[in-house]
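Here is the structure we will look at.
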There are 2 protein chains.
Amino acid sequence: MTAQPSEFELSAGGVDTQGRVRDAERTRADILDVATREFADQGYAGARINEIADKTSTTKRMIYYYFGGKEQLYVAVLEQAYSRIRGLEQQLDVEHLDPVEAVRELAGLTFDHHESHPDFIRLVSIENIHRAEHIARSTVLSGLANPALDVLGAILRRGWDAGLFRDDVDALDVHQVISAFCVFRTANRHTFGAIFGRDLLDPARRDHQRRMLGDLVVAYLTAR
Amino acid sequence: MTAQPSEFELSAGGVDTQGRVRDAERTRADILDVATREFADQGYAGARINEIADKTSTTKRMIYYYFGGKEQLYVAVLEQAYSRIRGLEQQLDVEHLDPVEAVRELAGLTFDHHESHPDFIRLVSIENIHRAEHIARSTVLSGLANPALDVLGAILRRGWDAGLFRDDVDALDVHQVISAFCVFRTANRHTFGAIFGRDLLDPARRDHQRRMLGDLVVAYLTAR
DNA sequence: GAGCTAATTCACCAACTGGTACATGACCGG
DNA sequence: CCGGTCATGTACCAGTTGGTGAATTAGCTC
């Protein structure tokens with residue numbers, strides 16, 4: 001009734017490539033994707049296992065078969081989300097630029113990055129509501145360092161050597177400032193919009209916001 | 001059994017000042033306070049009406065008597081929390097300082113302010129997860145402007161007149177930067193700590209963080 | 001094609017959750 | 001001191017929620 005197996009049945013008849021009826025990996029990935037959307041959308045407590053199951057092409061029983069329970073499913077969602085983001089961050093390449101331009105570029109890329117992954121930001125907010133207890137418990141996630149931080153560290157070192165940057169901050173401080181700006185724009189978009197009447201993600205203001213972040217970090221690092 | 005009415009009963013016997021058995025306002029305030037803690041702690045979906053009732057000195061029935069339902073109680077919690085914060089913000093007084101020192105002071109006060117109201121920050125995060133739908137629906141809250149913003153506007157105007165500040169930003173932009181820094185420190189404390197091993201609220205780093213915010217905003221506004 | 005195992009389906013449940021009907025009790029004005 | 005109303009406590013409920021037992025089937029191996 002609700003499911004639409006026609007697509008699979010048709011291809012399964014003649015094609016042998018991927019149209020298998022039983023496919024553990026596909027089922028697992030399906031569940032994980034739907035769960036990611038649901039948890040990001042509704043929060044941990046707000047998300048419903050029944051709802052997730054219904055939006056899947058499989059059944060609730062499979063969720064328990066593959067993940068064990070709601071909490072473990074949520075941790076799996078977090079682990080996948082963080083892994084994907086970290087994968088993207090590893091592609092950063094600003095080593096060839098001079099320090100000032102490199103830090104501006106890094107800030108800009110982080111800006112773009114956050115803007116295109118609102119679900120990830122939401123999951124992080126949700127995890128903070130729960131005091132990061134799931135991250136802390138996950139061996140995969142706790143202490144998983146950020147590639148962007150290493151890149152930033154290298155830039156700062158070059159900037160210090162050239163006498164361009166102030167030296168009373170470390171890479172983590174600067175990362176914190178950049179993250180704060182980018183996360184706030186997405187995570188607090190709604191209350192900010194409701195109270196001040198300005199949509200922080202308004203495309204018309206995007207360039208201004210991006211330039212503002214770059215100027216902010218550069219001005220701070222090169223001040224005095 | 002579970003309740004402990006002894007305190008009230010004892011004082012009600014002899015004292016007439018505040019120890020009344022029936023006190024609508026007191027009951028309402030009691031519920032609201034407990035609900036604030038619970039919602040801030042567990043989120044909207046995670047908070048339980050039964051749990052709130054149990055932690056109250058009254059019963060679940062009273063929650064429905066005074067507030068009507070879970071959602072209305074939550075909105076009442078938001079309204080009270082915002083009102084209190086706005087009340088505090090109205091006490092800002094930095095008009096006598098020169099623009100640079102005034103903006104630094106305002107940033108510092110906002111910093112202090114956020115640090116001492118973690119529950120409020122949590123409620124804001126939670127409300128953002130729900131896309132500010134409750135704020136939007138509340139006539140009390142939607143469009144309720146921020147006193148700090150007016151103060152900031154006045155400072156900027158003086159700074160522009162004196163040719164001290166860049167003029168390609170408005171008060172809301174600057175407020176956004178300050179808020180982002182302060183909110184992030186509290187709201188993302190847990191994931192940041194779990195992943196980078198640095199507690200953003202560590203008292204030993206507080207002065208450094210506070211100075212960093214001041215320098216950040218001043219450096220940006222006075223750049224070039 | 002028999003046999004085995006991983007994957008899947010289906011029916012079912014106990015506990016909880018928000019919410020309510022109703023009886024009762026306290027306080028205040030007259 | 002009485003009557004009414006606001007406030008409160010008790011008992012209860014229907015729907016939902018996360019979770020499970022056990023039978024069933026698809027596909028692989030030999």
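Just so we're clear, the structure is a prediction, and the values are computed from it rather than from any experiment.
- Backbone-only engagement by Tyr66(A) is indicated by non-hydrogen atom pairs under 4.0 Å involving sugar-phosphate atoms exclusively.
- Minimum atom distance to the side chain of Lys70(A) is reached by dG19(D), of the listed dG19(D), dG18(C), dA7(D).
- The pair Arg210(B)-Glu115(B) does not count as a salt bridge, with every side-chain nitrogen at least 4.0 angstrom from each carboxylate oxygen.
- Looking at which nucleotide of DNA chain D each of Lys60(B) and Glu25(B) is closest to, the 5′-most match is held by Glu25(B).
- One interatomic measurement links the two molecules: CZ of Arg26(A) to C1' of dT8(C), which rounds to 15 Å at whole-angstrom precision.
- Rounded to whole angstrom, the span from the CZ atom of Arg61(B) across to the P atom of dA23(C) amounts to 13 Å.
- One finds no side-chain N or O of Thr58(A) lying less than 4.0 angstrom from the OP1 or OP2 phosphate oxygen of dT8(C).
- Distance Met62(B) CE to dG18(C) P: 18 Å, rounded to the nearest Å.
- Atoms CD1 (Ile49(A)) and P (dA15(C)) sit 20 Å apart, rounded to a whole Å.
- As a whole-Å value, the separation of Gln72(B) CD from dT20(C) C1' is 14 Å.
- Using a 30° and 60° split on the angle between ring planes, Phe192(B) and Phe196(B) fall in the tilted class, from 30° to 60°.
- Residue Tyr65(B) contributes atom OH, which lies 12 Å from atom P of dT5(D) at whole-angstrom precision.
- Side-chain N/O atoms of Tyr64(B) include none lying less than 4.0 angstrom from OP1 or OP2 on dT20(C).
- In this structure, Lys70(B) is not positioned above the aromatic face of Phe39(B) in the sense of NZ or CZ being under 6.0 Å from the six-membered ring centre and within 45° of the axis.
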**OP:** Show your reasoning for whether side-chain hydrogen bond (donor to acceptor under 3.5 Å, both in side chains) applies to Thr56(A) and Asp30(A).
**Re:** CA-CA 6 Å; Thr56(A) 294; Asp30(A) 183 16; 4.7 Å; no

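- Position along DNA chain C of the nearest nucleotide to Arg48(B) versus Gly68(B) favours Arg48(B) as the more 5'-ward residue.
- Taking 4.0 angstrom as the limit, Thr59(A) places none of its side-chain polar atoms (N or O) nearer than this to OP1 or OP2 of dC10(C).
- Whole-Å rounding puts the Phe67(A) CZ to dG18(D) P distance at 16 Å.
- Classification of the His130(B)-Tyr44(B) ring pair by plane angle, with boundaries at 30° and 60°, yields perpendicular.
- Distance Ile63(A) CD1 to dT9(C) C1': 14 Å, rounded to the nearest Å.
- Ala45(A) comes within 4.0 angstrom of no nucleic acid atom, judged by non-hydrogen atoms across all strands.
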